[in-house]
Number of protein chains: 2
Amino acid sequence: MLQISKRGLTMPASPIRKLVPFAEAAKKRGTKVYHLNIGQPDIVTPQACIDAVKNCDVHVLEYSHSAGNESYRKKLTEYYAKNNIDITANDIIVTTGGSEAILFGFMACLDAGDEVIIPEPFYANYNGFAVQADVKVVPISSTIETGFALPPIEEFEKAITPKTKAIVLCNPNNPTGYLYSAAEMETLKNIIIKHQLFLFADEAYREFCYEGQHISAMHLKGAEQHVVLMDTISKRYSACGGRIGAFISKNKSVMDAAMKFAQARLSPPYYAQVLGEAAVDLPDDYFDTTKAEYKLRRDTLVAALNKIDGVFCPNPGGAFYVMAKLPIDDCDKFCQWLLEEFSYEGATLMMAPATGFYSTKGLGKNEVRLAYVLNTDAILAAAECLEEALKIYPGRI
Amino acid sequence: MLQISKRGLTMPASPIRKLVPFAEAAKKRGTKVYHLNIGQPDIVTPQACIDAVKNCDVHVLEYSHSAGNESYRKKLTEYYAKNNIDITANDIIVTTGGSEAILFGFMACLDAGDEVIIPEPFYANYNGFAVQADVKVVPISSTIETGFALPPIEEFEKAITPKTKAIVLCNPNNPTGYLYSAAEMETLKNIIIKHQLFLFADEAYREFCYEGQHISAMHLKGAEQHVVLMDTISKRYSACGGRIGAFISKNKSVMDAAMKFAQARLSPPYYAQVLGEAAVDLPDDYFDTTKAEYKLRRDTLVAALNKIDGVFCPNPGGAFYVMAKLPIDDCDKFCQWLLEEFSYEGATLMMAPATGFYSTKGLGKNEVRLAYVLNTDAILAAAECLEEALKIYPGRI
């Protein structure tokens, strides 16, 4: 019998995208849908970056070096130096989005059956890369009550087995927005050194910190051989469609292995490397406006949510997401109901059910993630929709 | 101990790129190097494609649909219709190069430990994708004496086990240039139907056929559910750096599974989709000039090689590669020697040792692959270098 693989069957579908048909149907009925469900920024891509692509004179659109254009890698070291991350061009492999950097890390550092510890809730696509690499995700739960702070060190110690090879940390965090403190990063450093683990640091939202300082995993002194940075320009410059990221490590064995995976796929995309190279020369205050806008949105959204009866939303330090606890039975049902059966003044809202971000079955059933990628007027209107919806949702508890 | 994965260790390095440092050293010494080693066309990317990127007005460089822009997928159906391949936009997932299409196919259709049959010599990176998917490559040898025709059906029957799930066919072939006949395609069809296997069809060089007609795997009547087309615009429009390919199948289960892998990596690169969309509207005679040029080069190279004492080079029907048998002990040593120790009138040549294309140890030791991606003057000069080199190479047999 002609059959697809068990891996293909096991591979998780995107927990967010499964609601898309319901959103499309709502729009066809004439309902306006506020999209708070995905991390697609509405911020305009910097004109200097767009112009760099427009002005690039290509005669033969050749393969780049498998590690990415040397000029781009050299330029990137300037960007990292500004963030107190001291690396050379040889410590960088340019990847096709942060996604590919995550895949390379799983493939190069973990074998089938190995375990990777990830504080949950976590970015759902880690599950997909784990399936591809045949790696087991071991979650450690963080909770909305603590604002999703790093779970206590004892939880890590309990979860570590002889098969544990790595910890993934997304900082600032998607989906929680949590910004890990210097003390928490130090705790992590001690764990990875004590147990000889890799630390996969997903810092896609490095620039988006509203209170406190971002501590990169690359700043952890003495852990240089353990850290693999999985980076991307997608959120930083609102350039998601370019598909350019970076795999960065000081560990030569890791880099050599990752390079073989990079060679197999030949090269990262050319045009967005040009865009990324131009982005490094943006004025130093480039992020100020963007950050101010996101901070205003966050403050607006968090305040509006906490005003709703029965809703709790911690105020996160970074990224552009908040998690909220709602007085509902089941977030998957609720999010679908919002699209299928609800509207208020001709509108409804789309959110990401939190269950998709938890690996432990049953967790997150009364939580949702909201991405504040809309302007404050839209955010306030969406929050009003939510308030009205919660008044009449049959599964309210 | 902090260690990379066995997978990372097992992952093969590019057999071609390992010679790069020797080529760089030769150039530093002032030696001109004729690059016949890689399939990077020197043909100029069509201006209409380049202009489409230059003129595209991007405000927010958003993620594409995970399956690729709908407008591009719809446009692609026109291209395939011209090639008598009748598909809809829903049969297409736009991928990051042909590479990602191959990876998706291995992941979606094969499990760890499953076997895939590939006529050797074959495109070396299949090995890399097999390692990532933990799949076993089972080679069936084709030989230079037959010009690398499809091995007899008995060889397939002997190789098929209960673990065999797929056959990979690259047509026209890289590295051999061989163009499979209608009769050979029919043979393959019978095998995949009889044994309920997938046929992974890598048709990256579809346009480059100099004698005879290209028979796509998508033309095989009755095998529609078995065939997965792994395509790319890289060679077709000399757009290797764009990183745009396509995963195409009429098999809904396969498409659904592949779509989950596509969702995990979010989207293919945006700009090169714009380029690819414009390419479909190139005039129908666009390929005529390119093909005429490649045919001239092939004829020039094959004639020049066969004139050299002890060299045999079959005349292949497609792609832009030839394989040649040389009177040498070891192609890896010889190719390195050419770069390290030889020059003739200030020049040498770089070729791909054929051992990298064979999976069976010991095969291909006296063969090399030459890519005719240089103009005829350079090809003749390179052939002259080769002739002189063979006169004095210490390992000549």
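Each chain gets a letter, A, B and so on, in the order its sequence line appears, and its residues count up from 1. What's counted below: heavy atoms across the whole structure, side chains too, no hydrogens, waters or symmetry copies.
- Interface summary for chain B: among A:Asn55, A:Ile43, A:Thr45, the most heavy-atom pairs under 4.5 angstrom belong to A:Thr45.
- In this structure, chain B has a heavy atom under 4.5 Å from the backbone of A:Cys56, while its side chain stays farther away.
- With a 4.5 angstrom heavy-atom cutoff, A:Leu197 touches chain B only via backbone atoms.
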Given the rule in the side-chain hydrogen bond (donor to acceptor under 3.5 Å, both in side chains) test, do A:Asn69 and A:Tyr270 qualify, once you have shown the distances and angles that lead to the verdict?
CA-CA 8 Å; A:Asn69 291 332; A:Tyr270 178 78; 5.2 Å; no
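- Between chain A and the residues B:Gly8, B:Cys240, B:Gly128, B:Ala257, the largest count of heavy-atom pairs under 4.5 Å involves B:Cys240.
- With respect to chain A, the highest number of heavy-atom pairs below 4.5 Å among B:Ser253, B:Ala258, B:Pro269 belongs to B:Pro269.
- Both the backbone and the side chain of B:Tyr63 come within less than 4.5 Å of a heavy atom of chain A.
- No part of B:Pro46 comes within reach of chain A, as not one of its non-hydrogen atoms sits under 4.5 angstrom from that chain.
- Heavy-atom distances place both the backbone and the side chain of B:Phe261 under 4.5 Å from chain A.
- Residues forming a side chain to side chain donor-acceptor pair (under 3.5 Å) with A:His35 (at least two apart in sequence, or on another chain): A:Lys27, A:Asn37.
- At a 4.5 Å heavy-atom cutoff, the contact between B:Ala133 and chain A is made by backbone and side-chain atoms alike.
- The parts of A:Ala13 that come within reach of chain B are both its backbone and its side chain, each placing non-hydrogen atoms under 4.5 angstrom from that chain.
- Taking the salt bridge (Lys or Arg N to Asp or Glu O under 4.0 Å) definition, one finds that B:Glu70 meets it with B:Lys74, sequence neighbours left out.
- Neither the backbone nor the side chain of B:Ile192 has a heavy atom closer than 4.5 Å to any heavy atom of chain A.
- Heavy-atom distances place the side chain of B:Val135, and not its backbone, under 4.5 Å from chain A.
- The side chain to side chain donor-acceptor pair (under 3.5 Å) search around B:Tyr123 returns B:Asn125, not counting sequence neighbours.
- Neither the backbone nor the side chain of B:His195 comes within contact range of chain A; no heavy atom of the residue lies under 4.5 Å from a heavy atom of that chain.
- For B:Ala239, the parts lying under 4.5 angstrom from a heavy atom of chain A are both the backbone and the side chain.
- A salt bridge links A:Lys54 with B:Asp57: the closest approach of a Lys/Arg side-chain nitrogen to an acidic carboxylate oxygen falls below 4.0 angstrom.
- Electrostatic pairing of B:Lys165 and B:Asp114 counts as a salt bridge here, judged by a charged N lying under 4.0 Å from a carboxylate O.
- Heavy atoms of A:Ser66 lying under 4.5 Å from chain B belong to its backbone as well as its side chain.
- Chain A is approached within less than 4.5 Å, heavy atom to heavy atom, by B:Thr96, B:Ser99 from residues 95-102 of chain B, ordered by number.
- Salt bridge present: B:Lys252 and B:Asp256 bring a charged side-chain N and a carboxylate O closer than 4.0 Å.
- If you look at A:Tyr294 and A:Phe320, their ring centroids are closer than 6.0 Å.
- For the set B:Arg7, B:Glu62, B:Gln47, the count of heavy-atom pairs under 4.5 angstrom toward chain A peaks at B:Arg7.
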